[in-house]
Student: 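Supplied in structure tokens, the structure appears directly below.
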Amino acid sequence: MRAPTLQRVIGAMALALAALAISFSSPQAAGAAPRGGSIGRGEVMDRAWSWIEEQVPYGQSGCHENRYGCYRPDCSGYVSMAWNLDSSLTTWTLWNVTSDIPANELQPGDALLRDSGGTDHVALFVRWADEAHTRPVVRETYDFGHVPEERVWNDGLRGFTPRRYNQLDDLMPYGSIGAKYAALGGAGGPLGEPVSGERDSMLGGRFQAFRNGIVLWHPDAAFAVYGDILARFWATDAERRWGFPTTDEAEAGQSPGGSRGRYQFFEKALFLWSAQTGAHPVQGAIYEAFRTGGNERVFGYPVTDETDEAGNGKAQKFQNATIHWNPARGTWTTND
């Protein structure tokens with residue numbers, strides 16, 4: 001919002017008084033993070049969505065009350081509500097509870113803040129609309145006659161400064177990744193504690209790293225990858241080669257020799273692991289022959305990755321047989 005300098009000073013005084021009043025009248029939402037304390041990105045985005053859903057009219061006085069409290073219905077009040085602050089701050093006082101971050105580190109729930117050049121405004125960052133990271137998607141409320149909305153800034157950052165709320169807990173899992181993490185037992189499950197926040201993955205997905213593995217999301221489902229399967233997945237170019245996981249890791253069948261292991265499906269391969277053989281991907285025509293021929297219960301577990309053979313062929317050795325393929329003959333097995 002643009003305003004002359006004198007109006008800006010008068011407005012700042014009025015907003016400060018309004019913030020003081022609101023700080024004594026905002027109830028704490030049941031089950032929410034402590035007011036003014038640490039908050040995860042998931043809760044920030046849920047709170048921000050509530051005003052979009054409720055179509056809250058823009059205003060610079062009073063407050064809008066919902067299950068998250070009572071906050072002034074302007075741009076800085078909206079961000080104050082989303083961050084669960086003690087009161088509705090202004091665009092000038094939001095600097096006091098945030099820190100600068102590089103634009104390439106913006107994550108959901110961070111802010112784009114400006115109070116210079118006649119522009120006094122703040123918006124919540126959601127994601128980038130383009131791979132070049134030039135068009136941010138934001139949630140904001142920005143002028144009289146408007147309600148909060150999620151939209152794209154097609155003209156870039158426009159002189160706005162990326163800022164991060166000082167009490168934002170970047171490690172707290174949220175969304176589909178958070179749900180998968182919780183379903184696996186959280187910190188007490190196979191993944192262990194978070195060691196990084198959720199970040200963009202290759203090829204349009206999202207991931208979060210934990211002490212013992214990762215959770216990968218794309219586009220509507222999240223799956224955990226850990227242990228030796230994760231190590232092999234990473235060592236062979238990860239989702240750029242194998243795509244995203246389509247199942248969690250699960251117990252595989254018993255081989256003729258008694259080996260038992262684990263398996264996990266990805267978009268372009270099956271990964272199989274046993275203590276005797278390690279983890280290896282099985283893909284393409286060799287995978288189809290492996291599947292239709294009885295899988296690990298007949299062939300045993302793979303002991304190599306797929307390798308090249310003469311005549312543009314491929315081969316992969318399993319505990320009990322080798323499966324071969326070439327374009328002229330298709331697939332066949334040998335017991336060497």
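None of the values given here were measured: they were computed from a predicted structure.
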Student: Donor-acceptor pair, D237 side chain versus R240 backbone, under 3.5 Å?
Tutor: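 No: the side chain of D237 does not pair with the backbone of R240.
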
Student: Taking atom types as modelled, is there a side-chain donor on S259 or Q319 under 3.5 Å from an acceptor on the other?
Tutor: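 Looking only at side-chain atoms, Q319 and S259 do form a donor-acceptor pair, the distance falling under 3.5 Å.
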
Student: Using the ring centroid of each side chain, check whether Y181 and F210 are separated by less than 6.0 Å.
Tutor: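 So the answer is yes for these two rings.
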
Student: Is it the case that atom CD in E193 sees more than 12 heavy atoms from other parts of the structure closer than 6.0 Å?
Tutor: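 Count not over threshold, so no.
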
Student: Flag the pair R41 and D110 as a salt bridge only when some basic side-chain nitrogen lies within less than 4.0 angstrom of an acidic carboxylate oxygen.
Tutor: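 Answer for the salt bridge query: yes.
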
Student: Taking the six-membered ring for Trp, are F299 and F290 parallel (under 30°), tilted (30 to 60°) or perpendicular (over 60°)?
Tutor: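 F299 vs F290 ring planes: tilted.
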
Student: Determine which pairs satisfy salt bridge (Lys or Arg N to Asp or Glu O under 4.0 Å) with at least one residue from residues 171-186, sequence neighbours left out, and list them in order.
Tutor: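 Every pair satisfying salt bridge (Lys or Arg N to Asp or Glu O under 4.0 Å) with a residue in residues 171-186: K180-D248.
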
Student: Is any NZ, NE, NH1 or NH2 atom of the basic residue among R163 and D100 found under 4.0 Å from an Asp or Glu carboxylate oxygen of the other?
Tutor: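 So R163 pairs with D100 through a salt bridge.
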
Student: Would W153 and F160 count as a close aromatic pair, with their ring centres under 6.0 Å?
Tutor: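 Between W153 and F160, the centre distance is under 6.0 Å.
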
Student: Out of curiosity, does I39 fall in the hydrophobic cluster containing V97 (side-chain heavy atoms, cut-off under 4.5 Å, transitive links)?
Tutor: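 In one cluster with V97: I39, yes.
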
Student: If we count only N and O atoms by modelled type, under 3.5 Å, do the side chains of H121 and T91 hold a donor and an acceptor together?
Tutor: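 Note: H121 and T91 side chains miss the donor-acceptor criterion.
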
Student: Look at R241 together with E267 and state whether they make a salt bridge at an N to O cut-off of under 4.0 Å.
Tutor: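 Between E267 and R241 there is no salt bridge, as every charged N stays at least 4.0 Å from the carboxylate O atoms.
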
Student: When you check the gap from the basic side-chain N to the acidic O, do E296 and R260 get nearer than 4.0 Å?
Tutor: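 So E296 does not pair with R260 through a salt bridge.
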
Student: Is the positively charged end of R47 above the ring of W49, judged by distance under 6.0 angstrom from the centroid and angle within 45° of the axis?
Tutor: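 No, R47 does not sit over the ring of W49.
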
Student: Does any part of the side chain of D46, heavy atoms only, come nearer than 4.5 Å to the side chain of Y68, both counted from C-beta?
Tutor: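 Result yes, sub-4.5 Å side-chain heavy-atom pair found.
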
Student: With the side chain counted from C-beta on, respond yes when V56 and T141 share a heavy-atom pair under 4.5 Å apart, and no when they do not.
Tutor: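 Of all side-chain heavy-atom pairs linking T141 with V56, none is under 4.5 Å.
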
Student: Are the ring centres of F207 and W217 closer than 6.0 Å?
Tutor: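 Judged by ring-centre distance (under 6.0 Å), F207 and W217 do not meet the cut-off.
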
Student: Ring centres of F271 and F266 under 6.0 Å apart?
Tutor: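 They qualify: ring centres under 6.0 Å apart.
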
Student: Can we say E251 and R262 salt-bridge, meaning some charged N sits less than 4.0 Å from an Asp/Glu carboxylate O?
Tutor: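 Salt bridge between E251 and R262, a charged N being under 4.0 Å from a carboxylate O: no.
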
Student: Going by the angle between their ring planes, with limits at 30° and 60°, are Y263 and F265 parallel, tilted or perpendicular?
Tutor: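 Perpendicular, since the angle between the ring planes exceeds 60°.
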
